[in-house]
Number of protein chains: 2
Amino acid sequence: MNARPTIYDVAQRAGVSKSLVSLVLRDAPHVAEAKREAVKKAIQELGYRPSRAASALASQSTRSVGLLIDDFRNPWFVELLAGVRSVLDPAGYTVTVADLRLEEASGRNPVDGFLAQHVDALVVAAEAPPEMVRDVRVPLVIAGTRSLTPLLGKSLDDGAADVVAGDDDAGGQLAARHLLALGHRRIAHLSGQGAPAEHRRRGYVRAMAEAGAEPLVYGVDGGTDEANGFRAMRQALDAGGRAAGGPPTAVFAANDVMALGAMAALRDAGLRVPEDVSVLGYDDSPLAAYGYIRLSTVDGHSRRLGAEAAQMALDRMAAPAAPPRRLLLEPAVVERSSVRETIA
Amino acid sequence: MNARPTIYDVAQRAGVSKSLVSLVLRDAPHVAEAKREAVKKAIQELGYRPSRAASALASQSTRSVGLLIDDFRNPWFVELLAGVRSVLDPAGYTVTVADLRLEEASGRNPVDGFLAQHVDALVVAAEAPPEMVRDVRVPLVIAGTRSLTPLLGKSLDDGAADVVAGDDDAGGQLAARHLLALGHRRIAHLSGQGAPAEHRRRGYVRAMAEAGAEPLVYGVDGGTDEANGFRAMRQALDAGGRAAGGPPTAVFAANDVMALGAMAALRDAGLRVPEDVSVLGYDDSPLAAYGYIRLSTVDGHSRRLGAEAAQMALDRMAAPAAPPRRLLLEPAVVERSSVRETIA
DNA sequence: GGTAACATTTGGAGCGCTCCAAACGAGAGT
DNA sequence: ACTCTCGTTTGGAGCGCTCCAAATGTTACC
């Protein structure tokens, strides 16, 4: 009566067998054009929609891949997702997204969720606890602006994960050198917890040392959020007041949101950006592009990252035994209006 | 061998029948504690995870609800989602999110996707084309900061949709009155396409008329994005220059992103916010709360909206024949630092 | 001691689909 | 006319689980 039509209903209406309907559904070759049409017509008329559950159960494949990101609030993921879909959509795969922060907040393990869902592959673009991805038996791709360390552990252990990531070390160096090249010497770095921040920091410190400039790092023990950006910037300003050379002339923040916090602190202190101090962010998130913000930033190519990750997933599904791949994307600085040469 | 363990494997290992395992899985009553433990132990040891597909197929229910939002890039949805999950998680439901813009970009119908997935209910928080939700046979709830118009059509047709929404008309009035009460008279409104913007505009116009002030609307034919906010603000400024009273002393934007565009235009024009002109946004998106922005805005209570929508979905699943419900949430203004009294 | 009443456990019949081996037809070749 | 092919179509056996009716144990009560 009112129940959802099944493949049998379609078959009956089209005057063929359920098997033929199934073939049409997956548009197989060797189906007579007339029958194909008849089936399509019946599908149309009945408003039939195949049941994913049944199909998944029978075929042992959901043709879906899971994407784990860390926080929906950080728009970083949007481009990443667009990249992932750009390669998975044409291949007929569906992608489901979960937010690590949100899942954990409600006491769930998102990876379990994905596995219960029978995803065919998993793309992890968040700093997930290693044990969470320990023995995932589906193709696993690690993607991140994110640094590799916690992931290398996993992939070395069982050789099963492909990884594609922005090179955060290089990005940190790039940022510092960019500022150095513009004549800055007192360059503060606003950092925070977590692997990506740590690598960016490391790169920054190295570049500063090479240039013979003193590394000035703040906020290491805080989050990589706006509040800590604000706080760390204040510290940098206070330290600069008491210390030798005065306040920094440039600031490199571990990400765009922290940079935004820094800009608030600078404005509150009566300092102008970029006239008095230059601010450089990281991620090239949508935030940075707003006309009111115009933040110069380091671009980790998140869209490309997503596309590469998706391709790796596809490749591994095709060839599960192929040697794992690694790909590092070289970051680049995006000039907007928050950075300029020193006046000094 | 290497295959995923099934319920039978667990049963065998625990020395019980598959049915008992199934009971334990859905923690049914009337199961002896000892057996329950044994089953749990076996599950643990085997790393067993139930197959959602099989369970969905057998039980004719996925215990999942779909949430359709309009654009991942607009962080408006984050709180909405949190609200939805806050009621659905405890009830044991899973929620899957799709982004209308993204789905359409890849030529898919997200609702079809949800239905193929057999969601038990659908929450639509985007301005989906009516035909898209036409004959959805699952409980449907419409949620929005979004105005009701396009939805009322649908729900009146078949009486099957519950709706909860922010009252955009009231919000528009509220915004205008708020500014009026602070002594502003030349209050420009930056608007755009789409039902929510239209209703906010209508409210604004009414309140202005009631106060005997002239409505000044710009940007109606553009999007509700940053670029149009910028452009509309420029127009308002130019018009003010030529016309009678000078540039507006206050601006009410149809949403926060447009307000941000307006702030950029104002800054470029050498005008300060709020000293020279007040800016009021709408949505109370995360954007507005950044220290660097501190945008005063109208709060549509998106979290509560999500929670109410989820509850409605739950209620309707429990009682499919209950009369449809309507709920309008009264917006409120959130004071930050972008609005102040007129000096005049 | 026997049995009713309940608590606990179990096998079987699907859920709607895919996939396979087998059946069917219709020309082509001899 | 009769095989052979090859392209097309079909029934049947699951996929891993839920749900039901029925079986089995256990306790209590007469």
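A, B, ... follow the sequence lines: proteins, then strands. Residue 1 opens every chain. This structure is a prediction, so every number in the text was calculated from the model and none was measured. What you see below is based on every heavy atom in this structure, not just the backbone, and it leaves out hydrogens, waters and symmetry mates.
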Taking only the side-chain heavy atoms of A:Ala58 (C-beta and beyond), determine which of D:dG14, C:dT9, D:dT18 contains the nearest atom.
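In terms of side-chain proximity for A:Ala58, the closest of D:dG14, C:dT9, D:dT18 is D:dG14.
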
Choosing from D:dC17, D:dT9, C:dC17, which nucleotide comes nearest the side chain of A:Tyr48?
C:dC17

Which whole-number value in Å describes the distance from [X] [atom1] to [N] [atom2]?
| X | N | atom1 | atom2 | value |
| --- | --- | --- | --- | --- |
| A:Arg49 | C:dC17 | CZ | P | 13 Å |
| B:Gln12 | C:dG11 | CD | P | 12 Å |
| B:Leu20 | D:dT18 | CG | P | 13 Å |
| A:Ile7 | C:dC19 | CD1 | C1' | 12 Å |
| A:Asp9 | C:dC17 | CG | C1' | 13 Å |
| B:Leu23 | C:dA7 | CG | P | 15 Å |
| A:Gln60 | C:dT18 | CD | C1' | 10 Å |

Is there a donor-acceptor pair closer than 3.5 Å between any side-chain N or O of [X] and the backbone N or O of [Y]?
| X | Y | result |
| --- | --- | --- |
| A:Ser302 | A:Glu79 | no |
| A:Arg316 | A:Pro323 | yes |
| A:Asp162 | A:Arg325 | yes |
| A:Ser106 | A:Arg108 | no |

Please give me the minimum heavy-atom distance between [X] and [Y], naming the atom from each residue.
| X | Y | value |
| --- | --- | --- |
| B:Pro110 | B:Glu103 | CB-CG, 3.6 Å |
| B:Ala11 | B:Lys18 | CB-N, 3.6 Å |
| A:Thr6 | A:Tyr48 | C-CE1, 3.6 Å |

Might you list the N or O atoms of the protein lying below 3.5 Å from N or O atoms in nucleotides 25-28 of chain C, with each pair's distance?
none

Please state whether the phosphate of [N], meaning OP1 or OP2, lies under 4.0 angstrom from any side-chain nitrogen or oxygen of [X].
| X | N | value |
| --- | --- | --- |
| A:His30 | D:dT8 | yes |
| A:Arg26 | C:dC19 | yes |
| B:Arg36 | C:dT8 | no |
| B:Ser22 | D:dT18 | yes |
| B:Tyr8 | D:dT18 | no |
| B:Arg4 | D:dG16 | no |

Generate the contact string for nucleotides 21-27 of chain D. Rules: B means base contact, S means sugar-phosphate contact only, - means no protein heavy atom under 4.0 Å.
-------

Check every strand shown and say whether B:Ser19 touches a base, only sugar-phosphate, or nothing at a heavy-atom separation below 4.0 Å.
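Contact class for B:Ser19: base.
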
Base, sugar-phosphate, or nothing for A:Lys35, non-hydrogen atoms under 4.0 angstrom?
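Counting heavy atoms under 4.0 Å across all strands, the contact made by A:Lys35 is with sugar-phosphate only.
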
Let's test your reading of the model: under 3.5 Å, does the base of C:dG11 pair with the side chain of B:Ser17 as donor and acceptor?
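By the distance-only test, no, there is no pair.
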
Using only heavy-atom distances, decide whether a donor-acceptor pair under 3.5 angstrom links the side-chain of B:Lys18 to the base of C:dG11.
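Present.
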
Using a cut-off of 6.0 Å, state whether more than 12 heavy atoms not belonging to A:Gln12 lie near its atom CD.
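Count not over threshold, so no.
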
Using the ring of each side chain (for Trp, its six-membered ring), is B:Phe77 parallel, tilted or perpendicular to A:Phe72, with breaks at 30° and 60°?
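Aromatic pair B:Phe77/A:Phe72 classed perpendicular.
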
Here's a test for you: under side-chain contact (heavy atoms from CB on, under 4.5 Å), which of A:Arg52, A:Arg63, A:Arg85 qualifies with A:Thr94?
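That would be A:Arg52.
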
